[in-house]
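Structure first, then comments.
Just so we're on the same page: letters track the sequence lines, and every chain starts at 1. All values below were derived from every heavy atom in this structure, side-chain atoms included, with hydrogens, water molecules and symmetry-related copies excluded.
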There are 2 protein chains.
Amino acid sequence: MSTTPLATTRRATITDVAREAGTGKTSISRYLNGEMSVLSPELRARIEAAIERLDYQPNQMARGLKRGRNRLIGMLVADLTNPYSVEVLQGVEAACHALGLMPLICHAANEVEMERRYLQLLTTYRVEGVIVNALGVREETLRPVGDGGIPAVLVDRSVEGLVADMVGLDNRAAAELGTRHLLDNGFDDIWFVVQPFEQVSSRQLREAAFREVMSGAGAKGREGGLGGKGEGSRTGSKGGALGHTLVLNLAEPAAVERALAELDRAIDAAGGPRGAVANATGNAGRSAARSATDNATGNAIDSATGKPRRIALFAANAPVALCLALHLKARYGADWQARVALLSIDDPEWAELTGVTTIRQPTYEIGYRAVEFLHERIEGVQTTARDCLLPGELIVRASTSR
Amino acid sequence: MSTTPLATTRRATITDVAREAGTGKTSISRYLNGEMSVLSPELRARIEAAIERLDYQPNQMARGLKRGRNRLIGMLVADLTNPYSVEVLQGVEAACHALGLMPLICHAANEVEMERRYLQLLTTYRVEGVIVNALGVREETLRPVGDGGIPAVLVDRSVEGLVADMVGLDNRAAAELGTRHLLDNGFDDIWFVVQPFEQVSSRQLREAAFREVMSGAGAKGREGGLGGKGEGSRTGSKGGALGHTLVLNLAEPAAVERALAELDRAIDAAGGPRGAVANATGNAGRSAARSATDNATGNAIDSATGKPRRIALFAANAPVALCLALHLKARYGADWQARVALLSIDDPEWAELTGVTTIRQPTYEIGYRAVEFLHERIEGVQTTARDCLLPGELIVRASTSR
DNA sequence: CTGTTAGCGCGTTCAG
DNA sequence: CTGAACGCGCTAACAG
């Protein structure tokens, strides 16, 4: 098209302002940096006027080039689709605002390649620090960050081989809280559903804590379920209560289907509705599954009491919970919650709507603290890597109570 | 990993590389810019090695400073909490990736002051363009953008007094689609619920289209509802069907409560469950409301047929829909959908879960197109401001069908 | 108090 | 093909 890519109006530079104000660039620079005390009120007024007249705005790029710091920090988010991330972001933004930082938000969209690319981009833009909610990968792609590289703080999960500050949920306590809640409410067949562990520490920790509580003192756990690449379930028990771990690889529809099928068998085996009134609730005609008395898994009936087990699902995070809820609804109809309880870490907006019990993470504070840590790091703090574990809050809803 | 990482994070500069490669900066620069044809293979190899050895990464800031373009564009999002925004973002990112742009995502979090601040920040960082999903404000804060300023393209809504490309949903068609769907399915008492119009064109357009369809040929609309500052409802009718507009100011709890109260009266007045089987569905004991035969509004019974009206809510977007759903569930229990149908523009993740009918926006494409427009603008295209209206897709779910 | 002089890291003539 | 020199917009000494 037009050969002149030049904008209609080239933005004014510091030189323009100096000329307009009839002075040198230095005074302008001083004015911009708030060194008012060293400027005569008269000059100051002229500068002010010139700036106003030219609609001048200092070029942060040039400024950063000279000064060596551009007040930019990178915020690498693994998955913005996860409400957790957006909430953390709010905290990050607030903190940045307070500290005069400008967050560059980068969204890896669950793609390792994106993560790598953005990280590289961030360093070429010479951000002063990075707060990263990493994908489950090796430290490889995070090379430029951390130790020898630019300051970094991890969010939600730590990365193997990378020493850096980390702030996130107290996974251990949260998983215990949830498990105990389910146990206390009489559920004795609990399935912990989680995405592939890979390198994601938070998933590992949550599952480990769950398993630990389930196995209790006299652990008689065993490995079970489908064999093969990472799928399948671990099983343990405590005081007659059964605990299983199910891996749900959301990225692979086929794997999801297989895992859900296993779950279905367990639910069907658990038999009838969980409550007394439940049967009256049939929004009939939808339910695809029969109230099967099929006892294939052998876990449906408590061998001691002879009563049918009460089954509950413990989702390791919101995406998993959503996947489960959608499936259960499709299979058991709108009234699926009468058949199986659902508890989830993370508190998505639809939780209240569907009455699902959750453990809400202190997302805002996580984001805020992360920036504070990073800021200290940027300012030169050299202490050893710190961990900040914040507690989750159990929000009991209809799904798991009565 | 041969050489020791330099002490104080001192990144290698082009000069370092030149020295290391035993050549001048120019050659390095050429290498970086892919002008391989003018470099002897031998020199090229040396440069490559030097870069590798020093882990050199060009400084985009300095580069941009010189070249005048830094490949940065701003993406100003009004509310990341709205899934719509995140989805649009995906499209934006994909397009940026394809075009070699780097999006700086700024989240105004519904605060006008934030919007202003970020816009200013973006210009000081000399972004080459901005794609903005503006808050409902006057063109004032968008001054630096558009006409005389940096290229901009609007998303979802246009801004009064600001001429720029715009890409978004075909609001008119979408609202018609939804309204007709409700009408066709026998709903004859339809409430269009929308956030305050303010300067948000999309809300205005949606409501206008709704009203137009409802008033049909023989329009006998009237203004009604609570008086006062922007609250209240407009009422119109078509072929015996009633159409109301309810403004829901989500930012003000008190206003929300008042508006919802008005809605409740209408729903109560509409009387019993909407379907034949509905009564059998009572997840009883929860429903706070009685199957009131109260006829206060006078609209509950069709004066012609004498039959109770079938009431439906048409939410102008997802946040509104969520607010409505939460309220309805709290008031009428888990089975609220038996009493009132809900249709929403936007297709949040919980829609499928709750069976709410929606009109899904082509969010990804909206984002993608926005960047394409912006890119053209950046490259100097000078055509008059364009509008790109993309169609929405009706997704019928249980809520509104049978 | 104020102007002058160097660069920051890089791209771009323009002569070798 | 290569390198020296200049300047982008701005800040930081260093003199007046």
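Identified under the salt bridge (Lys or Arg N to Asp or Glu O under 4.0 Å) test for residues 368-378 of chain B, with sequence neighbours left out: B:Asp165-B:Arg377, B:Arg369-B:Glu372, B:Glu376-B:Arg386.
In terms of position on DNA chain D, the residue among A:Thr15 and B:Leu39 whose nearest nucleotide sits closer to the 5' end is B:Leu39. Mapping B:Leu32 and A:Arg67 onto DNA chain C by nearest heavy atom places A:Arg67 closer to the 5' end of the strand.
The outermost nucleotides of DNA chain D lying under 4.0 Å from heavy atoms of chain A, listed 5' to 3', are D:dG9 to D:dC14.
In terms of heavy atoms, A:Ile366 sits closest to A:Val88 at CG2-CG2, 4.4 Å. Shown here for A:Ile73 and A:Ile378, the closest heavy-atom pair between the two residues is CG2-CD1, 4.1 Å.
Counting non-hydrogen atoms of other residues, nucleotides and ligands closer than 6.0 Å to CD of A:Glu379 gives a total above 12.
The OH-P distance, from A:Tyr125 to C:dC10, rounds to 14 Å in whole Å. As rounded to whole Å, 13 Å separates atom P of C:dG3 from atom CD1 of A:Ile14. As rounded to whole Å, 18 Å separates atom P of C:dG7 from atom NZ of B:Lys66. C:dC10 atom C1' lies 14 Å from atom CZ of B:Arg30, rounded to whole Å.
In this structure, A:His107 contributes its side chain and A:Leu80 its backbone to a donor-acceptor pair below 3.5 Å. Here the side chain of B:Arg46 pairs a donor or acceptor atom with the backbone of B:Gly22 at under 3.5 angstrom. Without hydrogens or angle criteria, B:Arg157 side chain to B:Leu154 main chain gives no donor-acceptor distance under 3.5 Å.
For the segment residues 43-65 of chain A, residues with any heavy atom less than 4.0 angstrom from an atom of DNA chain C are, sorted by number, A:Leu43, A:Leu65.
Between B:Thr13 and C:dG9 there is no side-chain polar atom (N or O) within less than 4.0 angstrom of OP1 or OP2.
Here A:Ser37 lies in heavy-atom contact (under 4.0 Å) with sugar-phosphate atoms only. Among the atoms of the strands shown, base atoms are found under 4.0 Å from some heavy atom of B:Thr26.
Here the CG-CD distance, from B:Leu135 to B:Glu111, works out to 9.0 Å after rounding to the nearest 0.5 Å.
Of the candidates C:dT12, C:dT13, C:dC1, the closest approach to any side-chain atom of A:Ser40 belongs to C:dC1.
Remark: the A:Arg126 side chain and the C:dG9 base include no donor-acceptor N/O pair separated by less than 3.5 Å.
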Legend entry - salt bridge (Lys or Arg N to Asp or Glu O under 4.0 Å) between A:Arg11 and A:Asp55, worked out: CA-CA 8 Å; A:Arg11 292 213 74 88; A:Asp55 188 29; 3.5 Å; yes

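With sequence neighbours left out, B:Ser85 forms a side-chain hydrogen bond (donor to acceptor under 3.5 Å, both in side chains) with no residue at all. B:Glu20 pairs by the side-chain hydrogen bond (donor to acceptor under 3.5 Å, both in side chains) definition with B:Arg53, not counting sequence neighbours.
Helix-axis bend for the helix from C:dC1-D:dG16 to C:dG16-D:dC1: the local axis fitted to the five terminal pairs at one end deviates from that at the other end by 40°, rounded to 10°.
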